[in-house]
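Here the structure comes first, spelled out in structure tokens, and everything after it is commentary.
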Amino acid sequence: MNTQNSDITRMNQIAQYLNKHVHERLTVSDICRDNIIGKSQLQRLFHQYEGCGVIEYFSRLKVDTAKMMIRENRYSFTEIANALNYSSYQYFSLQFKKYTRMSPSEYSSSTKIFTENNLNAVTPARAAT
């Protein structure tokens, strides 16, 4: 296997690990230890294939998970922050806004408006079926 294929395989393994641990707090050291990879190699891989460092990637993954949880409309923002192991609701909100340019409540409102508009956009032909 050439180096590029092994790098891609390694990236996929680490991405799966991060997905599996999205509800935890991880440090670069934790990720390196659990994936048997050096810090510089880990950062090189993420910058090469994702265009960012591993912690930024993990933070985006957490925010994407939070967005999904918000759309499910089953959890309060505090419950989501706790489930994703943020140190506080304020830090969760700050991170959320950093990556979405919206607060969690603004995002929630925007998804509800989008859903309502889609439900109201049923065409007469479809309504009759």
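What you see is a predicted model; the values in this text were computed from it and never measured.
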Closest approach of Leu26 to His21 (non-hydrogen atoms, all atoms of both residues): CD1-CB, 3.8 Å

Parallel, tilted or perpendicular: ring planes of Phe77 versus Tyr89, cut at 30 and 60 degrees: parallel

Side chain proximity check, Gln43 to Val28, heavy atoms < 4.5 angstrom: yes

Crowding at CZ, Arg101 (>12 non-hydrogen neighbours, <6.0 Å): no

Pairwise distance CE(Met69) to OG1(Thr65) - rounded to 0.5 angstrom: 8.0 Å

Full working for salt bridge (Lys or Arg N to Asp or Glu O under 4.0 Å) between Asp7 and Arg10: CA-CA 5 Å; Asp7 282 354; Arg10 196 82 161 122; over 6 Å; no

Min side-chain heavy-atom separation Lys62-Phe96 under 4.5 Å: no

Val54 side chain near Leu18 side chain, heavy-atom distance below 4.5 Å: yes

Heavy atoms from other residues, nucleotides or ligands near OH of Tyr91 exceed 12 (cutoff 6.0 Å): no

Any side-chain heavy-atom pair of Lys20 and Gln16 under 4.5 Å: no

Student check: side-chain heavy atoms of Tyr86 and Asn82 closer than 4.5 Å: no

Contact summary for Arg25 and Ser87, nearest pair of heavy atoms: NH2-CA, 3.3 Å

Enclosure of Gln4 CD (heavy-atom neighbours >12, cutoff 6.0 Å): no

Heavy-atom donor-acceptor pair, Glu79 side chain to Ser76 backbone, under 3.5 Å: yes

Test log, rule side chain to side chain contact (heavy atoms under 4.5 Å, CB included), inputs Glu56 and Arg60: CA-CA 6 Å; Glu56 183 175 341; Arg60 287 183 196 163; 2.6 Å; yes

Note, Lys97 side chain near Pro104 side chain (heavy atom, < 4.5 Å): no

Between Thr27 and Asp30: side-chain donor-acceptor atoms closer than 3.5 Å: yes

Ser105 and Ser103: side chain donor to acceptor below 3.5 Å: yes

Any Phe92 side-chain heavy atom under 4.5 Å of Thr78 side chain: no

Value rounded to 0.5 Å, distance of CZ in Arg71 from CG in Asn73: 11.5 Å

Minimum side-chain heavy-atom gap His23-Leu84 below 4.5 Å: yes

